[in-house]
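This report refers to the structure that appears directly beneath it.
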There are 2 protein chains.
Amino acid sequence: MTASPSLARGEQTKQLIVDTAVRLFREQGYEKTTMRSIAQAAGVSVGNAYYYFPSKDHLVQEFYRRIQEQHSAGCAEALAEPSDLDRRLLVALHAGLDAMAPYHEFAGSFFATAATPGSPTSPFSDESVDARERSMAIFRSVVDGSTSKLDDELRGDLPELLWLCHMGLTLYWVHDTSPGQAKSRMLVNRAVPLVDRLVALSRLRVLRPLVREALALYRALR
Amino acid sequence: MTASPSLARGEQTKQLIVDTAVRLFREQGYEKTTMRSIAQAAGVSVGNAYYYFPSKDHLVQEFYRRIQEQHSAGCAEALAEPSDLDRRLLVALHAGLDAMAPYHEFAGSFFATAATPGSPTSPFSDESVDARERSMAIFRSVVDGSTSKLDDELRGDLPELLWLCHMGLTLYWVHDTSPGQAKSRMLVNRAVPLVDRLVALSRLRVLRPLVREALALYRALR
DNA sequence: GTCTATATCTAGATAGAC
DNA sequence: GTCTATCTAGATATAGAC
């Protein structure tokens, strides 16, 4: 039990490998970044890289974690003060796009493995439970700090539903080839008011049973 | 220009490779079925297989095409006669699940490449334009043969929107680990009435502007 | 426990000979 | 059109140094 101020040697190496991998992913994309090149650029052996990371996929997870951190940091300030639901959602979703933007060119190849059900990089996998929790926390904050009137039944599930919207947006963004992903931005700008109005309308008598059934179904399926 | 009754020799080889590949995909899944094993089982060389199919992905596309045919055939009869929209949609979506059911075990790995934006197996790629058209035709038939009252503006886009629902269902199904994919069936059974009611309600005065804006947004984004 | 080096395997993909 | 040989890259195994 040494109270050393710096990280343990193993942890340092691990960090070095991750940093190198993330840098190369960013510079060259997923496929072009081989385990050999990561090891070489980090000045370690291939075996050592595999000693710390069971597969290339596991390195990608670290990549996601950092984007996730960017996302949280990018909207923390704007979400600190209470505001309208639509304002907050707009901020959270745009911050998400901002965090991913530098990687759009390569996002496709990352996404492929992430979308695979069994993959450790899937946002629904056990391995990504931490990243998922942190990501959902953003949308919990979106709802909790909202000054808008909300249906009590909806309120409990809303953070998770908005997180799913964020996942859906990501899915669209990955396939969005418009310059600067302008279409994704437009989707956010125009869909958020729609969601806001829908949430407001959900309290109407005609829509109430429909909303209740939809929520019940959602709970049964997740 | 020979008017030979049988296929040209090249076409025969191509068929042989496809048939073998599809059979092995079905028996062993995507990853376990290597180009080598396909070639060996078909009695040709690896190089020959690559002569006809530029990549393994292109062989997968043929696999999809056959599932798609199953889907169309599986609901053609039930859709021949006019009926209610919800009845038709239910039939079409369950037929889709039926067609995919035998492959659920392996669906994940297929799905990974299909979800990749650049991939030729993506349902949105140029290469799959044929399969996509055939698949959408099912939902066009769902709408066209419907006896339910439909908003005129919605009617034009509805087939495409329902096809997107089918894609969404597929996405859920791939990740559905419940026994016999019971949850996906439940999703269909309970979501279809919801969709039906939503379509009916879309003609209400309070919802009209919302529906119009949603449709306009959809058209701007596709 | 941390790390290297090397050899080897597997599988997608390609080149060039025939 | 077809084959064999070869390349690349992810992944594993092993043996050993510290």
Side-chain angles (χ1 to χ4, degrees), chain A residues 1-2 4 6-21 24-25 27-63 106 108-110 112-114 116 118-121, chain B residues 2 4 6-22 24-25 27-63 106 109-110 112-114 116 118-121 127:
Chain A
M1 268 240 205
T2 61
S4 96
S6 64
L7 293 159
R9 197 165 94 251
E11 200 54 39
Q12 274 187 348
T13 308
K14 197 170 173 178
Q15 276 302 315
L16 174 66
I17 294 168
V18 167
D19 289 342
T20 309
L24 293 182
F25 283 151
E27 289 170 7
Q28 324 177 319
Y30 179 72
E31 264 117 34
K32 277 194 170 174
T33 303
T34 68
M35 289 300 280
R36 284 169 176 80
S37 67
I38 294 170
Q40 195 185 359
V44 300
S45 69
V46 179
N48 199 7
Y50 275 104
Y51 175 73
Y52 287 106
F53 300 94
S55 83
K56 200 178 167 183
D57 279 6
H58 284 79
L59 276 167
V60 174
Q61 253 194 305
E62 194 58 25
F63 186 68
F106 312 128
S109 36
F110 290 115
T113 61
T116 310
S119 163
T121 58
Chain B
T2 61
S4 93
S6 64
L7 293 160
R9 197 167 92 253
E11 201 54 40
Q12 274 186 346
T13 310
K14 195 171 173 176
Q15 275 302 315
L16 174 65
I17 294 168
V18 166
D19 288 343
T20 309
V22 170
L24 293 182
F25 283 150
E27 289 171 7
Q28 324 176 321
Y30 179 72
E31 264 118 33
K32 276 194 170 174
T33 302
T34 68
M35 289 301 281
R36 281 168 177 80
S37 67
I38 294 170
Q40 195 184 1
V44 300
S45 71
V46 181
N48 199 5
Y50 275 103
Y51 176 76
Y52 288 105
F53 299 94
S55 82
K56 197 178 169 184
D57 280 5
H58 284 79
L59 277 167
V60 174
Q61 255 194 303
E62 193 60 23
F63 185 68
F106 310 130
S109 36
F110 289 114
T113 61
T116 309
S119 164
T121 58
E127 281 96 332

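Here is the naming used below: chain letters follow the sequence lines, and residue numbers restart at 1 for every chain. The basis for the numbers below is simple: all heavy atoms, side chains too, and nothing from hydrogens, waters or symmetry mates.
A donor-acceptor contact shorter than 3.5 Å is absent between the side chain of B:Thr121 and the backbone of B:Asp57. Checking side-chain atoms of B:Thr20 against main-chain N and O of B:Ile38 turns up no donor-acceptor pair under 3.5 Å. The closest donor-acceptor contact from the side chain of B:Gln61 to the backbone of B:Pro120 lies under 3.5 Å.
Protein atom CD of A:Gln15 is 14 Å distant from nucleotide atom P of C:dT2, rounded to whole Å. The separation between B:Ile17 atom CD1 and D:dG1 atom P is 11 Å, rounded to whole Å. Look at CD on A:Gln28: it is 11 Å from P on D:dA9, rounded to the nearest Å. Counting to the nearest Å, the P atom of C:dT2 and the NZ atom of A:Lys14 are 10 Å from each other. Residue A:Ile38 contributes atom CD1, which lies 11 Å from atom C1' of D:dG10 at whole-angstrom precision. The interatomic distance linking A:Asp57 (CG) with D:dA9 (C1') rounds to 14 Å, in whole Å. In this structure, CE of A:Met35 is placed 21 Å from P of C:dC9, rounded to the nearest angstrom. The distance between atom CG of B:Leu16 and atom C1' of D:dT2, rounded to the nearest whole Å, is 13 Å.
Taking a 4.0 Å limit (strictly below) on heavy-atom distances, residues 39-50 of chain B reaches DNA chain C at B:Tyr50.
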Steps toward side chain to side chain contact (heavy atoms under 4.5 Å, CB included) verdict (A:Met35, A:Phe53): CA-CA 10 Å; A:Met35 289 300 280; A:Phe53 300 94; 5.5 Å; no

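The number of heavy atoms from other shown groups lying within 6.0 Å of CD (A:Gln40) does not exceed 12.
Put simply, the side chain of B:Arg36 and the base of C:dG12 share a donor and an acceptor less than 3.5 Å apart.
Residues satisfying the ring-ring contact (aromatic ring centres under 6.0 Å, His included) test with A:Phe25, not counting sequence neighbours, are A:Tyr30, A:Phe63, A:Phe110. Partners of A:Glu62 according to the side chain to side chain donor-acceptor pair (under 3.5 Å) rule, which considers only residues two or more places apart in sequence or in another chain, are A:Arg65. Listed by chain and residue number, nothing satisfies the side chain to side chain donor-acceptor pair (under 3.5 Å) test with B:Asn48 (two or more places apart in sequence, or in another chain). Applying the side chain to side chain donor-acceptor pair (under 3.5 Å) rule to A:Glu27 yields the partners A:Arg23; only residues at least two apart in sequence or on another chain are considered.
One finds no side-chain N or O of B:Thr34 lying less than 4.0 angstrom from the OP1 or OP2 phosphate oxygen of C:dT10.
When heavy atoms are screened at a 4.0 angstrom cut-off, B:Tyr52 is found touching the sugar-phosphate backbone but no base atom. Note on A:Ser37: nothing from the nucleic acid sits closer than 4.0 angstrom, heavy atoms only.
The side chain of B:Lys56 has C:dA13 as its nearest neighbour among D:dA11, C:dA13, D:dT2.
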Enumerate all atom pairs, one protein N or O and one N or O from nucleotides 15-17 of chain D, separated by less than 3.5 Å.
none

